[in-house]
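Down below is the structure, laid out as structure tokens.
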Amino acid sequence: MDFFKGEVNSVKSDLVKIGQSKDTFIQWLVTKDQGCESYALRRFTMKPDGIISCHNHKYVETLFILQGKVKVNVADESYTLEPGNFIFINKFVPHELVNVGKDDVIFLCIISYEDDMNIKIAEKCGRGS
């Protein structure tokens, strides 16, 4: 396929099922199914108090915050990100996300495709975990 055009409201939204994650949903916007062999573009929505549990994986990812306030615990650090902020997380670096605001958090996440796409639960992410 030479190109792909879509509408976010027509893409299926699935509950994130990583460890003790809660109230967080993922939409796969651009994937291998559309002909993109090197990366995937995903959209996440985290409800207030939503969590993506501490985990790591072989692929790299970049998150770009569109809406809300999210605490990212990564490696041995913790950061609060707001709209316009972004973060790159390298391979195998433990990380978790927590909605610390009163509104939904919406962010885009680009990941690389690797030979191992498995997600591994991690025990410790950043300060305050």
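Heavy-atom basis, side chains included; hydrogens, waters and symmetry copies ignored.
Applying the salt bridge (charged side-chain N to carboxylate O under 4.0 Å, His left out) rule to pairs touching residues 100-109 yields K47-D104, sequence neighbours excluded. Judged as a salt bridge (charged side-chain N to carboxylate O under 4.0 Å, His left out), the pairs with a partner in residues 50-63 (not counting sequence neighbours) are, in order, R42-E61, K58-D115. A ring-ring contact (aromatic ring centres under 6.0 Å, His included) check over residues 1-36, counting only residues at least two apart or in different chains, returns nothing.
F44 places a side-chain heavy atom less than 4.5 Å from the side chain of V16. Between L66 and L108, some side-chain heavy-atom pair lies under the 4.5 Å cut-off. Counting heavy atoms from C-beta on, the side chains of E96 and I52 never come closer than 4.5 Å. A 4.5 Å side-chain heavy-atom check between I89 and V60 finds every atom pair outside the cut-off. Here the side chains of V105 and Q67 are not in contact, with every heavy-atom distance at 4.5 Å or above. When side chains are defined from C-beta on, Q20 does not count as touching I51, because their heavy atoms never get closer than 4.5 Å. Within the 4.5 Å cutoff, side-chain heavy atoms of L81 are placed close to those of I87. When side chains are defined from C-beta on, L29 counts as touching V11, because their heavy atoms get closer than 4.5 Å.
Scored by the side-chain contact (heavy atoms from CB on, under 4.5 Å) test, I110 finds Y39, L41 as partners (sequence neighbours excluded). Looking at residues two or more places apart in sequence or on another chain, you find a side-chain contact (heavy atoms from CB on, under 4.5 Å) between Y113 and T31, K32, A40, M117.
The structure places CG of N118 at 9.0 Å from OH of Y59, a figure rounded to the nearest 0.5 Å. Annotation: the span from S13 atom OG to I26 atom CD1 amounts to 9.0 Å, rounded to 0.5 Å. Between atom CD1 of residue I65 and atom CZ of residue F86 there is a gap of 11.0 Å, rounded to the nearest 0.5 Å. Taking CG from N73 and OG from S53, the interatomic distance works out to 11.5 Å, rounded to the nearest 0.5 Å. Atoms NZ and SG, on K120 and C54 in that order, are 13.5 Å from each other to the nearest 0.5 Å.
Side chain to side chain, S112 and E114 meet the donor-acceptor criterion of an N or O pair below 3.5 Å.
Side chain of T24 to main chain of K22: a donor-acceptor pair is present (N/O by atom type, distance under 3.5 Å, no hydrogens or angles).
Following chains of ILVMFWY side-chain contacts shorter than 4.5 Å, one cannot reach L15 starting from M46, and the two form parts of different hydrophobic clusters. In the hydrophobic clustering of ILVMFWY residues, with side-chain heavy atoms under 4.5 Å counting as a link, Y79 and L63 come out together. In this structure, L97 is not a member of the same hydrophobic cluster as F88, with clusters built from ILVMFWY side-chain heavy atoms closer than 4.5 Å. Hydrophobic clustering (ILVMFWY, side-chain heavy atoms < 4.5 Å, transitive): V74 and F64 are in distinct clusters. By the criterion of side-chain heavy atoms lying less than 4.5 angstrom apart, applied directly or through intervening Ile, Leu, Val, Met, Phe, Trp or Tyr residues, V70 is grouped together with F107 in one hydrophobic cluster.
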Take K69 and N99 through the side-chain contact (heavy atoms from CB on, under 4.5 Å) test and state the conclusion after the steps.
CA-CA 6 Å; K69 185 187 289 189; N99 183 340; 5.5 Å; no
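Nearest approach of T45 to I106, heavy atoms of both residues: OG1-CG1, 4.1 Å. Pairing each heavy atom of C109 with each of I111, the nearest pair is SG-CG2, 3.8 Å. Taking all atoms of both residues into account, the shortest heavy-atom contact from A122 to P94 is CB-CB, 4.0 Å.
Ring planes of H95 and H57: perpendicular class, angle over 60° (limits at 30 and 60°).
Clustering of Ile, Leu, Val, Met, Phe, Trp and Tyr by side-chain heavy atoms under 4.5 Å joins F92 with none of the others.
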